[in-house]
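Heads up, the thing below is written out as structure tokens.
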Amino acid sequence: MIHTEGFLKLVNDAKSRVKEVSVAETQERLDANPNALLIDVREDHEWQAAHAQGAEHLGKGIIERDIETTVPDKSTELILYCGGGYRSALAADALQTMGYSNVWSMAGGWKAWKESGAPVEEG
């Protein structure tokens with residue numbers, strides 16, 4: 001996908017404040033912390049096609065609205081992913097602004113997850 005200059009500027013600004021982890025680091029963090037959550041911020045149709053095994057779905061369009069109900073403890077470790085790591089960085093930045101203190105964006109997103117051979121759940 002080709003991204004516009006304005007979008008990339010916005011993402012790069014968010015990434016300056018967001019911590020990123022690789023797929024391998026994501027799996028290590030999830031194994032080490034049973035309370036950590038892997039959150040898919042992609043659109044509904046993307047989630048329904050397939051997603052990372054064990055992930056929860058809170059699309060980027062609603063995550064800010066629903067996160068405090070879904071995850072009231074703002075110290076919970078949250079690892080977000082999207083298709084390629086752009087939308088998850090934007091969502092992670094927003095959650096940090098909301099007071100979430102342990103938020104990560106998975107670099108490479110769903111594409112990297114699939115390429116690594118990590119477990120997948122169909123629709």
Side-chain angles (χ1 to χ4, degrees):
M1 170 173 278
I2 297 173
H3 298 295
T4 64
E5 181 181 337
F7 177 71
L8 291 175
K9 183 178 178 185
L10 188 65
V11 169
N12 288 333
D13 179 56
K15 283 187 174 189
S16 73
R17 294 180 296 277
V18 170
K19 299 171 285 191
E20 286 189 301
V21 288
S22 68
V23 171
E25 290 168 323
T26 295
Q27 292 174 308
E28 289 169 11
R29 296 184 80 79
L30 292 170
D31 288 343
N33 180 358
N35 295 317
L37 299 175
L38 180 60
I39 300 177
D40 187 322
V41 300
R42 297 176 304 151
E43 299 292 323
D44 292 349
H45 71 278
E46 294 173 289
W47 164 263
Q48 290 162 359
H51 51 271
Q53 184 176 325
E56 295 190 27
H57 184 234
L58 283 172
K60 186 179 173 308
I62 56 114
I63 193 167
E64 296 90 348
R65 182 193 73 198
D66 294 352
I67 191 68
E68 290 175 307
T69 303
T70 306
V71 185
D73 180 354
K74 292 186 177 185
S75 67
T76 301
E77 183 171 4
L78 305 173
I79 303 171
L80 312 184
Y81 77 91
C82 60
Y86 296 91
R87 292 173 286 174
S88 59
L90 294 171
D93 192 37
L95 295 187
Q96 288 178 164
T97 300
M98 293 175 70
Y100 285 84
S101 59
N102 197 2
V103 182
W104 305 81
S105 176
M106 189 174 73
W110 172 241
K111 183 174 188 256
W113 184 270
K114 285 190 307 184
E115 288 174 355
S116 77
V120 170
E121 294 176 3
E122 299 295 321

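Start at 1 with the first residue, then count along the sequence. All heavy atoms count here, side chains included; hydrogens, waters and symmetry mates do not.
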How would you list, by chain and number, every residue that makes a salt bridge (charged side-chain N to carboxylate O under 4.0 Å, His left out) with [X], sequence neighbours excluded?
{"X": "K9", "answer": "none"}
{"X": "K15", "answer": "E20"}
{"X": "E46", "answer": "R87"}
{"X": "E122", "answer": "none"}

Exercise. Which ILVMFWY residues can you reach from F7 by hopping between side chains whose heavy atoms are under 4.5 Å apart?
Worked result: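 F7 clusters with L8, L10, V11, Y86, L90.
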
Exercise. Which residue pairs pass the ring pair (Phe, Tyr, Trp, His ring centres under 6.0 Å) test when at least one of the two sits in residues 28-47, sequence neighbours left out?
Worked result: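 Every pair satisfying ring pair (Phe, Tyr, Trp, His ring centres under 6.0 Å) with a residue in residues 28-47: W47-H51, W47-H57.
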
Exercise. When you look at Y100 and T76, which way does the side-chain contact (heavy atoms from CB on, under 4.5 Å) test go after all the steps?
Worked result: CA-CA 8 Å; Y100 285 84; T76 301; 5.8 Å; no

Exercise. Linking I/L/V/M/F/W/Y whenever any side-chain heavy atoms sit under 4.5 Å apart, do I63 and V103 land together?
Worked result: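 As far as the 4.5 Å side-chain criterion goes, V103 and I63 are connected within one cluster.
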
Exercise. Does the pair K60/E43 count as a salt bridge with the N-to-O cut at 4.0 Å?
Worked result: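 Looking at E43 together with K60, the answer is no, because their closest N to O distance does not fall below 4.0 Å.
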
Under 3.5 Å: donor-acceptor pair, side chain of [X], backbone of [Y]:
{"X": "Q96", "Y": "R17", "result": "yes"}
{"X": "W110", "Y": "A52", "result": "no"}
{"X": "Q53", "Y": "A118", "result": "no"}

